[in-house]
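These figures come from a predicted structure and were not determined experimentally.
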Amino acid sequence: VCTAAPAAAQTADPILRVETGMHTTLIRRVVVDAPRNRLITSSDDKTARVWQMPEGRLLSILRVPVDGGHEGQLFGVAVSPDGRRVATAGWTGWDWDGKGSIYVFDADTGDLVTRFPDLDETIGALVWSPDGRY
């Protein structure tokens, strides 16, 4: 059983990243919200991105805590049925906790809402329940 915990960066050291306006490496998952207004991608570049459809305009970049190596690579992404939340996970939390984490973001603002820690595996795929509860 995992419970929500406040999301916080695990390191205070700055990590330089060049923002190119697109993913810079392998895209692992692509999902579309229910009304098909937004497309969300997750990538090995340690970001998830929300795109306006059909234009393909970047709306927001979702960033989980990262470190060198694999920490922060995102393998799975899901959007809530109402389109308000995006959950993403992958190699998230392993370098600090030895456990995986799921991060939940506000789809409109890109703000980190919560973190579900203490998972025994890396997460390769996510799906939201139809009623939005899970």
Visitor: Please find the pair of heavy atoms, one from Asp95 and one from Gly68, that lie closest to each other, and give the distance.
Guide: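 Minimum heavy-atom contact is OD2-O, 3.8 Å.
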
Visitor: Measure the spacing between CG of Leu58 and CG of Leu39 and express it to the nearest 0.5 Å.
Guide: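 Rounded to the nearest 0.5 Å, the CG-CG separation comes to 11.0 Å.
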
Visitor: So, for Gly93 and Ser101, which heavy atoms are closest and what is the spacing to 0.1 Å?
Guide: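 Where Gly93 meets Ser101 most closely, the heavy atoms are CA-OG, 4.1 Å.
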
Visitor: Please test Asp67 against Trp96 for side chain to side chain contact (heavy atoms under 4.5 Å, CB included), starting from the C-alpha separation and ending with a verdict.
Guide: CA-CA 9 Å; Asp67 207 346; Trp96 302 295; 3.7 Å; yes

Visitor: Can you establish whether the number of heavy atoms outside Glu121 located under 6.0 Å from its atom CD is more than 12?
Guide: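 Open: at most 12 neighbouring heavy atoms sit under 6.0 Å from CD of Glu121.
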
Visitor: Going by the salt bridge (charged side-chain N to carboxylate O under 4.0 Å, His left out) test, which pairs reach into residues 25-37, not counting sequence neighbours?
Guide: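 Every pair satisfying salt bridge (charged side-chain N to carboxylate O under 4.0 Å, His left out) with a residue in residues 25-37: Arg28-Asp44, Asp33-Arg38.
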
Visitor: Does Leu74 share a hydrophobic cluster with Val31, counting links as ILVMFWY side-chain heavy atoms below 4.5 Å and allowing steps through other members?
Guide: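 Cluster IDs for Leu74 and Val31 match.
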
Visitor: Are Trp94 and Thr122 close enough, and set up right, to give a side chain to side chain donor-acceptor pair (under 3.5 Å), and what steps lead you there?
Guide: CA-CA 8 Å; Trp94 287 100; Thr122 58; 5.2 Å; no

Visitor: So which atom in Phe116 and which in Thr114 form the shortest heavy-atom distance, rounded to 0.1 Å?
Guide: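 For Phe116 and Thr114, the tightest heavy-atom pair comes out as CE1-CG2, 3.7 Å.
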
Visitor: So, Asp106 and Arg84, do they make that salt bridge, N to O below 4.0 Å?
Guide: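 No, no charged N to carboxylate O under 4.0 Å.
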
Visitor: Tyr134 and Trp128: which non-hydrogen atoms are nearest, and at how many Å?
Guide: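 For Tyr134 versus Trp128, the nearest heavy atoms are O-CD1, 3.1 Å.
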
Visitor: Are Val77 and Ile27 grouped together when hydrophobic residues (ILVMFWY) are joined by side-chain heavy atoms under 4.5 angstrom apart?
Guide: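 They do not share one cluster, since no chain of ILVMFWY contacts under 4.5 Å joins Val77 to Ile27.
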
Visitor: For Val64, run the side chain to side chain contact (heavy atoms under 4.5 Å, CB included) check against Thr92, Leu112, Thr47, Ile102 and tell me which one passes.
Guide: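 Of the listed options, the one satisfying the test is Thr92.
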
Visitor: Which atom pair, heavy atoms only, marks the closest approach of Ala48 to Thr88?
Guide: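 In terms of heavy atoms, the two residues are closest at CB-OG1, 4.4 Å.
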
Visitor: Group every Ile, Leu, Val, Met, Phe, Trp and Tyr by side-chain heavy-atom contacts under 4.5 Å, then state whether Met53 and Val32 land in the same group.
Guide: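 Yes, Met53 and Val32 fall within the same hydrophobic cluster.
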
Visitor: Report the distance from atom CG of Leu26 to atom CZ of Phe75, rounding to the nearest 0.5 Å.
Guide: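 The CG atom of Leu26 sits 9.5 Å away from the CZ atom of Phe75.
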
Visitor: If you draw a 6.0 Å radius around NE2 in His70, do more than 12 non-hydrogen atoms from other residues or ligands fall strictly inside?
Guide: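 Result for NE2/His70: open.
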
Visitor: Tell me the closest heavy-atom pair linking Ser129 and Pro81, and the distance in Å.
Guide: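 Scanning both residues completely, I find the closest heavy atoms to be O-CG, 3.4 Å.
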
Visitor: With rounding to the nearest 0.5 angstrom, report the NZ to CD1 distance, Lys46 to Ile61.
Guide: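 Result: 15.5 Å between the selected atoms.
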
Visitor: Nearest 0.5 Å, please: how far is CH2 in Trp51 from CE in Met22?
Guide: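 If I round to the nearest 0.5 Å, the distance is 8.0 Å.
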
Visitor: Output the distance between atom CZ (Arg49) and atom OG (Ser42), rounded to the nearest 0.5 Å.
Guide: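 These two atoms lie 11.5 Å from each other.
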
Visitor: If you round to the nearest 0.5 Å, how far is CZ of Phe105 from CZ of Arg85?
Guide: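 Those atoms lie 11.5 Å apart.
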
Visitor: Got Ser43 and Thr25 here, is their nearest side-chain heavy-atom distance under 4.5 Å?
Guide: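 Ser43 reaches Thr25 side chain to side chain.
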
